[in-house]
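Chain naming here is simple, since letters A, B, ... match the order of the sequence lines and numbering starts at 1 in each.
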Amino acid sequence: MQKLNLFQLNADRVPDLKEMFAADFTPASAEERVSATESRKSVSYWRDALRRFKQNKVSMGALALFFVIFLFSFLGPMLIPYNYADQYRCSMKLAPGEFSKAEMTAKAALEHADLIYDTVLSPGSISSLSRNTTYWFRHKGVTYSFYNEKTLGDVIVLFRAEDADPLVYISEKDAENGVFDNVTVIAYSTENIDTRAENTARLPLIRNVCPHVFGTDSAGRDLMARCMYGGRVSLSIGIIAALIVLFIGSLYGSVAGLIGGKVDFIMMRVVDIIYSVPDVLIVLLLQVVLKDPLQAWLDSSPSGFARMMSNLGVGIVSIFITFACLYWVGMSRIVRGQVLQLKSQEFVTAATALGVPRSRIVKRHLLPNSVGQLVIATCLQIPSAIFLESFLSFLGLGVSIPMTSLGSLCSDALETITLYPYRLLYPGIILTLLVLTLNLVGDGIRDALDPRLK
Amino acid sequence: MLSYVAKRIGVSVLTLLLIICITFLLMNAVPGSPFMTEKSTPEMIAMAEAKYGLDKPLIVQLWNYIKGYFQGDMGVSLKMQKGTDVTTIIFREGKFVLSFKLGVWAVLLAVIVGVPLGCIAAYNRGSWIDSVLRVMTTVGVAIPSFVLCSLLLIYCGVKWELLPVISGSLTDWKAYIAPVIGLSFYPMCYIAKLTRTSMLDAINQDYIRTARAKGLKTGRIIFKHALRNCLIPVITYLGPMTAGIITGGFVVEQTFQIPGLGKYFISSILNRDYPIIMGTTVVLAALVIMMNLIVDITYKLVDPRISLIKGDS
Amino acid sequence: MKNNEKFLEVRDLRVSFFTHAGEVKAVDGISYDLGEHEVMGIVGESGSGKSVEAYSIIGLLQNPGRVIGGSVKFMGEDVLAYSEEQKREFRGNKVSMIFQNPMTCLNPVYTIGNQLMEALLCHNKDVTRKAAYDRAVEMLELVGINNARKRMKQYPHEFSGGMRQRAMIAMALICSPKLLIADEPTTALDVTIQAQILELMKDIQRKTGMSIIFITHNLGVVAEICDRVSVMYAGHIVEQGNVNDIFYRPKHPYTEGLLRSMPRVDTKERERLIPIEGTPVDLLNPPKGCPFAPRCEKCLKVCLEHKPPFLQVGEDAHGSACWLHVKEMKEAGE
């Protein structure tokens, strides 16, 4: 038996023989051996992808920002009192945050108001009194005045005369004479100021006029409201167009891929030709060509579908049609590639060899493996659709007035760009952020689903 | 090689023919006549249509068009410049040259700046330079060109008075700056992104490890071994990029008031001057198709693996 | 090894990969010597750290891998302390390397000649292009490529797998390096081609007298070409010795297991191959004691708790890291 010697290369480390010999040399049991290795939990593909996405700070930030824009576009219009189409003639060409004279008056009035009533306009009622004038009446020894505020919509503002600053809104003659002491107003239930009159509803007392955060345009439309609606239109177009592309593309691609052979060859040559056609030229032509016949069809067709379409506007519908005609080719190539690749993959062959039924192969193997690609392609299709729509609208070929989109807002702003650059800036920034966040989210999903592609 | 080029040219001509047919059919799908105005009587319309050959059967009209195109005759304008030859309008009045110059400069700028930027980002991966470039390119591909052009117009043109506000016919080199930047920024950023990704991909390849094991200098590894491989996807992008730059040209000409082909195309669409729409579409489509052809041939020069003789990928 | 100036001296080399999941100790303190003209085989399963070890010698380690300890001395010089520029000069010139997959290791867009000459030109400023061309042709002929002048102008995709590996070898040898590191050079090739390449390498080694570190998981290849063998498992060298000791007098249970799982020509009829049970170590959570313990049939309690010492177990620098040796000694001593 050879003597215990540390290997020559490690000679500098002298072993402690005593300590070594003191060790436990009894054989280890199988359980002990197994417990020495901790096995890591295996994580499912989707859970792993979700984890990777969550770890990606940029994508998460982009997703959050996207939600902000989404809420701005879809919830925003409910929160502000302005509408994208309404023209407030007294508040034209306002800078961001600026108030017009009428709005300043209203603001001042509201600061002292006791109550605000909503009113429905009907002949002979308060609304028939001339605008922006203050009217007075006495009730149980207290002088009240009321004010029909146009800038707030159709709202009657009531306040005690003593509290109000007479200089701002009293037309002196009326105040001195107390002409309106018991006029029409009585009909609006001033007997008891707190009870509701017919056709009126009590509104929460807002002491402020909603500012035009982004200013107004030359026709007195609130730009923020228009941006919200524009964002809504752009987003909807992007999502719907992407879905159309996904549907047509995957149908065409999977048919070509599954059938294969001559059919596949011919179908793919068609795709090749459409692919090499300069798309934007054809899109522009289609936009022009489609507009009139489409309008005629929408006007004549009684079906609910057509009515819905005509609500959207001809411009938007023709954008959808151009997407359906031209943009599915990229998607169909992806899908066909996936189908072909998966058809020949070892695990599919293995599953077939094991006798797994076809439906199960598709469900368990083909779908999860190709869904990633489809999700990524669809995600990245949305911003490109938004881009195209804004491009068309910018050239004056997309959505038509009074409907708006971010692109047409930019286009409108171009005429007066040197005077009012912010009119282009706000929709431009929203459009950029929208495309940016969607791109980043799409990239994040791609990296999360397929880390090899990174 | 030669037979391949001949074959590709054949396919290109076929595509162009197809585009002529599509455009023609689309134009004729619009109901009503281009001569329809409130005052015109049916007789006047018929006379005008007969004068321009619009009363013949569609197929004959199409044939006349195609025949004309191959003889360099694109018909005459119906509305915008009534009676003027479309060829004259497009080529002799400087519209095409103007747009073409702008486009060529934009393509050059995008490639010459974009590729090195991508290489620099990949070379400095993870450093602040990479981060700055990544932010720039990510934002760059999200800004619509009209927003960028308008910003250039407001700030460089009006506020700081660095560049002329209206570029007009681009007589001064300064007039080129803003439109070319506006036109090439998106493709430039896209190319930089593409180059970075494919450079990083190339750097992780085995042959780069071999090159490192040989003891080559880093610069040589990047610029000799990685660059040529990573240029392949960039070249693929050149075809779509040309189409994109033509498209961008419409917007840029609109914004900077340049009387080029793009601006004219848009107004001809709005005015429904069919021969002009047709002519412009065909010329622009021919440009894009030619670029695709050049791209396919360039492949062979960069990647010896692609066999052009067989003509399949 | 007569004097203290050894050809290649690796001492306690430690390499870790710092991943988001934690530190992976790919190489955990290995030591060996390599003499001039000697062929050393490094054997181990995938992920045992054999390639990483070679990369750190030649300075090809890339993020997130880092050498975190130990030393590598090549002809008396500390390679790890080299600057980037020195490392570059060293690579390809004094030490060169060939890789596993010849299909992807050559740049597809340059000719073979271009890539061969480049290796020479970048280390020798004085060499003319003409001389480099002649040298490249000479090297191609040396590795058995016919029609070398025509082949110089061809691209890698026009070469077969075996031819490419020959070209790789020619490229590695063009600067007449003292040491060649071959990282599984035959694994991706057909068996017949494998034999040719091995024969070629043996032949060239005899002619040039260079040293070779031959990394493989194929024991047959080791027997064919190597003088000495190191068996690696989970970043450790578990046994080391000359080729006869390893094949006929293995001491470590892992080496024994490897040998039993390998088909041999002299196997008696009906004798079965015995696989090593279990799966390789998860290097993110290595076991506390001997890394092989959980798969070892002869596992002792101490194996699970403490790392075994690396002991001299025979003549001619035959060493093995196993607690069984300590146990035997203790029993013999009693």
Side-chain angles (χ1 to χ4, degrees), chain A residues 58 62 269 272-293 296 383 386-388 390-397 406-407 410-411 413-414 417-425 427-440 443 453-454, chain B residues 11-12 14-15 18-19 22-23 25-32 134 138-139 141-151 153-155 157-159 165 186 197 200 239-240 242-244 246-248 250-251 254-255 262 265-266 269-270 272 277-278 280-282 284-289 292:
Chain A
V58 176
R269 290 299 82 74
D272 283 348
I273 289 177
I274 295 183
Y275 211 78
S276 63
V277 168
D279 47 6
V280 174
L281 294 176
I282 304 296
V283 169
L284 287 173
L285 290 177
L286 275 178
Q287 285 284 311
V288 181
V289 170
L290 286 174
K291 219 156 204 168
D292 284 347
I386 292 177
F387 240 67
L388 185 74
S390 71
F391 167 79
L392 290 174
S393 297
F394 183 80
L395 294 178
L397 295 164
L406 294 173
C410 292
S411 172
L414 198 62
I417 185 155
T418 43
L419 283 174
Y420 311 106
Y422 55 86
R423 284 191 200 163
L424 185 132
L425 232 46
I429 288 172
I430 293 172
L431 184 57
T432 307
L433 284 181
L434 197 57
V435 175
L436 182 69
T437 52
L438 280 168
N439 276 340
L440 289 173
D443 286 353
L453 286 175
K454 210 172 187 175
Chain B
V11 172
S12 302
L14 263 182
T15 316
L18 188 84
I19 289 172
I22 293 177
T23 322
L25 291 178
L26 282 178
M27 294 287 87
N28 279 285
V30 184
R134 275 180 84 178
T138 314
V139 174
V141 294
I143 296 189
S145 56
F146 51 82
V147 173
L148 184 71
C149 287
S150 313
L151 289 180
L153 193 66
I154 303 167
Y155 288 99
V158 181
K159 291 257 164 79
V165 179
Y186 178 91
T197 321
L200 288 179
T242 313
I246 287 174
T247 317
F250 299 164
V251 166
Q254 194 92 338
T255 316
F265 182 53
I266 301 298
I269 283 184
L270 296 175
R272 302 238 156 131
I277 301 180
M278 285 276 295
T280 321
T281 309
V282 171
L284 294 180
L287 258 181
V288 174
I289 290 170
N292 281 329

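Closest approach of B:Ala243 to B:Val288, counting heavy atoms only: CA-CG2, 3.9 Å. Taking all atoms of both residues into account, the shortest heavy-atom contact from A:Leu395 to B:Phe250 is CD1-CB, 4.1 Å.
Using a 4.5 Å cut-off on side-chain heavy atoms (C-beta onward), B:Leu18 and B:Leu14 make no contact. Put simply, the side chain of A:Ser390 reaches to within 4.5 Å of the side chain of B:Phe146, judged on heavy atoms. Residues B:Phe265 and B:Thr281 meet the side-chain proximity criterion, which asks for heavy atoms closer than 4.5 Å.
Both the backbone and the side chain of B:Thr23 come within contact range of chain A, each with at least one heavy atom under 4.5 Å from a heavy atom of that chain. Of the two parts of B:Ile154, only the side chain, counted from C-beta on, holds a non-hydrogen atom closer than 4.5 Å to a non-hydrogen atom of chain A. Looking at A:Leu440, the atoms closer than 4.5 Å to chain B (heavy atoms on both sides) all sit in the side chain, from C-beta outward. Neither the backbone nor the side chain of B:Val11 comes within contact range of chain A; no heavy atom of the residue lies under 4.5 Å from a heavy atom of that chain. A:Leu425 touches chain B through its side chain: at least one heavy atom from C-beta onward sits under 4.5 Å away, while N, CA, C and O do not. Heavy atoms of A:Pro421 lying under 4.5 Å from chain B belong to its backbone as well as its side chain. Contacts of A:Leu436 with chain B are made by both backbone and side-chain atoms, with heavy-atom separations under 4.5 Å. Contacts of B:Ile22 with chain A are made by side-chain atoms alone, with heavy-atom separations under 4.5 Å and no backbone atom involved.
Contact count versus chain A (heavy atoms, under 4.5 Å) is highest, among B:Gly244, B:Pro144, B:Ser145, for B:Pro144. Contact tally against chain A (heavy-atom pairs below 4.5 Å) for B:Asn292, B:Ile246, B:Ile266, B:Ile289: the top residue is B:Ile266.
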Check the pair A:Asn439, B:Thr138 against side chain to side chain contact (heavy atoms under 4.5 Å, CB included), reporting the backbone distance first and the verdict last.
-> CA-CA 8 Å; A:Asn439 276 340; B:Thr138 314; 5.6 Å; no
For the pair A:Cys410 and A:Phe394, evaluate side chain to side chain contact (heavy atoms under 4.5 Å, CB included) and give the outcome as yes or no after the intermediate values.
-> CA-CA 7 Å; A:Cys410 292; A:Phe394 183 80; 4.2 Å; yes
